[in-house]
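Quick note: numbers below take in every heavy atom, side chains included, and nothing from hydrogens, waters or symmetry partners. Numbered from 1 within each chain, the chains take letters A, B, ... in sequence-line order.
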Amino acid sequence: MQLYHHQKLDIYNSLSGKKEQFKPINEGHVGMYVCGPTVYSNVHLGNVRTFMSFDMIFRYLKHLGYKVRYVRNITDAGHLENDADAGEDKITKKARLEQIEPMEIVQRYTVDFHNILNTFNFLPPSIEPTATGHIIEQIELIKNIIDNGFAYVANGSVYFDVHKYNENNDYGILSKRKLDDLIHNTRELDGQNDKKNPQDFALWKKAEPQHIMRWPSPWSDGFPGWHLECTAMSTKYLGDHFDIHGGGMDLKFPHHECEIAQNQAAKGQSPVNYWMHANMLQLNGQRMSKSTGNIVNPDELLSGNNNFFSKAFAPSVIRFFNAQAHYRSVLDLTDDGLLSSEKGFYRLMDAINLLDDLKASETSSIDIKSWKQSCYDAMNDDFNSPILIANLFEAVKYINQVKEGSQTLNSEDLSLLKETLNVFAFDVLGLKNVTKTDSGTDKLSAAVDILIKLRQDARANKDFALSDKIRDELAEAGIQLKDGKEGTTFSLS
RNA sequence: GGUGUCGUGGCCGAGUGGCUAGGCUCAGCUCUGCAAAAGCUGCUACAGCGGUUCGAAUCCGCUCGACACCUCCA
């Protein structure tokens with residue numbers, strides 16, 4: 001009996017604007033697609049936040065017992081930068097500047113992306129397809145859309161006919177826009193001469209002579225339009241209709257709106273049951289942006305090598321910080337915020353590490369079973385990780401109280417508490433148990449234990465000058481002693 | 001200009017038509033030789049102005065403000 005049979009999960013669906021009970025198309029199986037990065041530069045920290053949220057969602061679905069196929073693509077084909085650039089795409093442009101092959105750029109930043117995600121303890125997706133590996137599928141899709149009358153060829157390029165589509169379909173169903181409003185509010189842009197209407201978007205773009213990335217097609221040597229790859233790859237691996245599609249809030253329009261239109265036009269059905277959108281990450285109250293300099297890269301955040309933060313932060317601290325906000329809320333990255341999360345994170349880890357030392361009693365004075373269910377209730381409510389964390393801190397209180405002797409747990413509840421904490425802190429939230437003590441070596445802790453013993457002896461002899469000297473000098477060296485009822489422990493600061 | 005999200009205590013950040021979110025900070029107490037750590041206690045907020053209601057921070061309207069999208073962006 002899998003957990004999902006008795007844990008009722010609600011998901012906020014951007015399509016309906018409501019929380020809905022999650023019911024997969026095939027019982028026990030979940031198909032989830034998340035729009036991945038464009039690998040033409042180092043991965044953006046905001047991008048990392050989005051993937052971190054979906055990593056947590058992936059982890060929780062798996063924990064519930066679902067067999068999840070999680071597809072997250074790599075966009076390596078290059079998107080049109082803008083129409084004024086006459087078809088030159090971002091990847092080509094960067095390659096030209098650095099005098100190397102486009103695929104060399106792609107390779108470099110794909111490796112960077114994976115390194116960063118590994119550092120943050122991400123689970124790998126089930127499939128990580130690349131856009132360049134699915135050119136044939138994209139061409140086939142375009143043929144379907146043309147055959148069904150929703151696209152037209154113009155000067156070697158193919159465009160999706162939004163106005164035609166909107167006659168019997170709702171272009172704007174996801175982003176809650178009206179085509180009429182779009183018509184009245186679209187700016188005049190150059191280089192759109194081939195399009196019938198400015199709202200139309202490219203399915204295939206003819207390559208200019210200087211364009212290096214190009215593939216043959218029935219219409220021209222060129223490259224696919226930038227919404228098409230996700231339709232091609234999601235349906236190839238998850239089917240024409242699948243459970244969950246995720247991405248950043250800013251992809252809702254036009255990207256995801258176009259995916260719906262493409263799928264509807266090519267396959268006659270809307271592709272996705274549950275659309276999920278993660279919110280933006282800000283830096284000191286402002287959007288991150290290269291042009292204003294208000295930006296920090298993931299590796300700069302981890303190394304402390306930046307102008308925004310007072311110190312380096314461990315990957316798990318950043319994960320914890322992220323999980324303290326709901327995935328649908330804007331999160332503001334600040335030094336104060338990270339520092340306070342860091343303290344809380346280590347307090348949680350210290351408590352978890354105390355578990356093995358706790359002594360079981362005959363009876364329990366705390367209702368661990370209902371505490372455990374409240375952890376599930378939090379996650380079942382649209383993956384509410386902040387409430388989950390509030391519950392984890394309840395457990396911190398329990399652990400410390402049992403240690404102090406003001407509460408008791410029997411051995412059954414003690415192992416249930418331990419098991420549940422491990423599940424949520426490590427399996428679901430993806431934290432790593434990096435305690436301050438763990439950062440030392442066995443030899444260090446043996447040495448500190450000797451000093452602790454010497455200090456005990458000094459205290460027993462009322463030689464407080466010596467005992468305080470040991471304590472204070474260790475503190476100066478970054479080793480903090482903690483006196484408890486059961487003896488003295490230490491942590492590194 | 002259009003569309004959408006939102007505005008919570010010293011800070012961060014959940015939630016919700018009547019019942020303590022949680023974290024960090026701060027104060028007091030317990031423990032301690034003194035501290036630290038840990039525990040306990042306290043600090044009772046929901047932008048402003050109207051309205052609906054027995055009752056609203058939670059629903060509605062307006063005002064102000066923030067953010068996102070509308071143009072590459074997670």
Side-chain angles (χ1 to χ4, degrees), chain A residues 14 17 34-38 40-41 43-54 78-85 89-90 172 175-178 180-182 184-187 189 199 226 246-255 257 277-282 285-290 320-321 324-326 328-334 336-345 347-348 350-351 354 374 378 381 384-394 396-397 399-401 403-407 459-460 462-464 467-468 471-472 475 480-485 488-491:
Chain A
S14 300
V34 172
C35 292
T38 303
Y40 64 84
S41 64
V43 61
H44 192 285
L45 195 59
N47 222 168
V48 172
R49 184 200 175 191
T50 298
F51 299 144
M52 209 176 263
S53 298
F54 284 104
H79 290 159
L80 286 171
E81 187 160 58
N82 58 47
D83 293 274
D85 252 4
D89 73 38
K90 279 186 174 174
S175 56
K176 316 288 182 250
R177 283 157 214 266
K178 297 268 171 283
D180 283 345
D181 294 337
L182 291 171
H184 294 306
N185 290 311
T186 303
R187 293 185 203 171
L189 293 171
Q199 293 74 39
W226 71 284
M249 199 78 99
D250 50 353
L251 289 185
K252 210 191 238 184
F253 188 90
H255 187 57
E257 195 70 61
H277 290 97
N279 217 319
M280 302 288 114
L281 180 69
Q282 297 183 349
Q286 307 234 289
R287 62 168 288 181
M288 289 200 209
S289 152
K290 269 184 196 167
F320 186 74
F321 175 75
Q324 278 187 303
H326 189 90
R328 282 192 289 115
S329 296
V330 174
L331 176 62
D332 189 13
L333 191 67
T334 62
D336 284 349
L338 283 173
L339 287 169
S340 95
S341 284
E342 184 180 50
K343 282 190 185 162
F345 170 72
R347 204 159 79 85
L348 175 63
D350 285 348
L354 274 177
S374 65
D381 184 15
N384 198 324
S385 52
I387 297 287
L388 170 64
I389 287 175
N391 279 297
L392 298 185
F393 277 107
E394 284 301 304
V396 169
K397 200 198 271 184
I399 291 167
N400 285 318
Q401 286 173 338
K403 187 189 162 218
E404 297 284 318
S406 63
Q407 301 276 7
R459 291 174 71 197
K462 301 233 189 286
D463 184 356
F464 297 125
S467 68
D468 286 356
R471 180 181 67 196
D472 297 343
Q480 186 199 24
L481 299 186
K482 301 185 203 177
D483 294 334
K485 285 218 167 73
T488 303
T489 57
F490 74 96
S491 68

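- With distances taken from any side-chain atom of A:Arg287 to the nucleotides B:G22, B:G23, B:C73, the minimum falls on B:C73.
- Of the possible donor and acceptor atoms, none in the side chain of A:Arg49 sits under 3.5 Å from a partner among the backbone N and O of A:Gln282.
- Listed for the A:Ser467 side chain is a donor-acceptor partner under 3.5 Å among the backbone atoms of A:Phe464.
- With sequence neighbours excluded, no residue forms a salt bridge (charged side-chain N to carboxylate O under 4.0 Å, His left out) with A:Glu257.
- When both distances must be under 3.5 Å, the Watson-Crick or G-U wobble mate of B:G4 is B:C67.
- Base pairing analysis places B:G22 opposite B:C12; the two distances defining the Watson-Crick or G-U wobble pair are each below 3.5 Å.
- If you check B:G17 for Watson-Crick or wobble pairing at under 3.5 angstrom, you find it has no partner at all.
- A salt bridge links A:Lys482 with A:Asp350: at least one charged nitrogen is closer than 4.0 Å to a carboxylate oxygen.
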Treat primed atoms plus P, OP1 and OP2 as sugar-phosphate and everything else as base, then score nucleotides 32-39 of chain B 5' to 3': B for base contact with protein heavy atoms under 4.0 Å, S for sugar-phosphate contact only, - for none.
-> SBBBBBSS
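- Taking every side-chain heavy atom of A:Phe253 into account, B:C69 is the closest of B:A21, B:C69, B:A74.
- Ion pair A:Arg471/A:Asp483 not flagged as a salt bridge, since none of the NZ, NE, NH1 or NH2 atoms sits closer than 4.0 Å to an Asp/Glu carboxylate oxygen.
- For B:A27, the paired base is B:U41 (Watson-Crick or G-U wobble, both distances below 3.5 Å).
- The partner of B:U32 is absent, by the rule that a Watson-Crick or G-U pair needs both atom distances under 3.5 Å.
- For A:Asn47, no side-chain nitrogen or oxygen approaches OP1 or OP2 of B:C73 to under 4.0 Å.
- OP1 and OP2 of B:C12 both lie 4.0 Å or more from every side-chain N or O belonging to A:Ser341.
- If A:Gln282 and A:Ala278 are placed on RNA chain B by their nearest nucleotide, the residue sitting closer to the 5' end is A:Gln282.
- Looking at residues two or more places apart in sequence or on another chain, you find a salt bridge (charged side-chain N to carboxylate O under 4.0 Å, His left out) between A:Asp381 and A:Lys19.
- Residues A:Met249 and A:Met280 are in side-chain contact: their nearest non-hydrogen atoms beyond the backbone lie under 4.5 Å apart.
- Nearer to the 5' terminus of RNA chain B, by closest-nucleotide assignment, is the contact made by A:Lys176 (compared with the other of A:Lys176 and A:Gly285).
- Pairing partner, B:C49: B:G61, with both Watson-Crick or wobble hydrogen-bond distances short of 3.5 Å.
- Looking at heavy-atom distances under 4.0 Å, A:Leu331 makes contact with sugar-phosphate atoms alone, never a base.
- Among B:G13, B:C67, B:G2, the nucleotide with an atom closest to any side-chain atom of A:Arg177 is B:G2.
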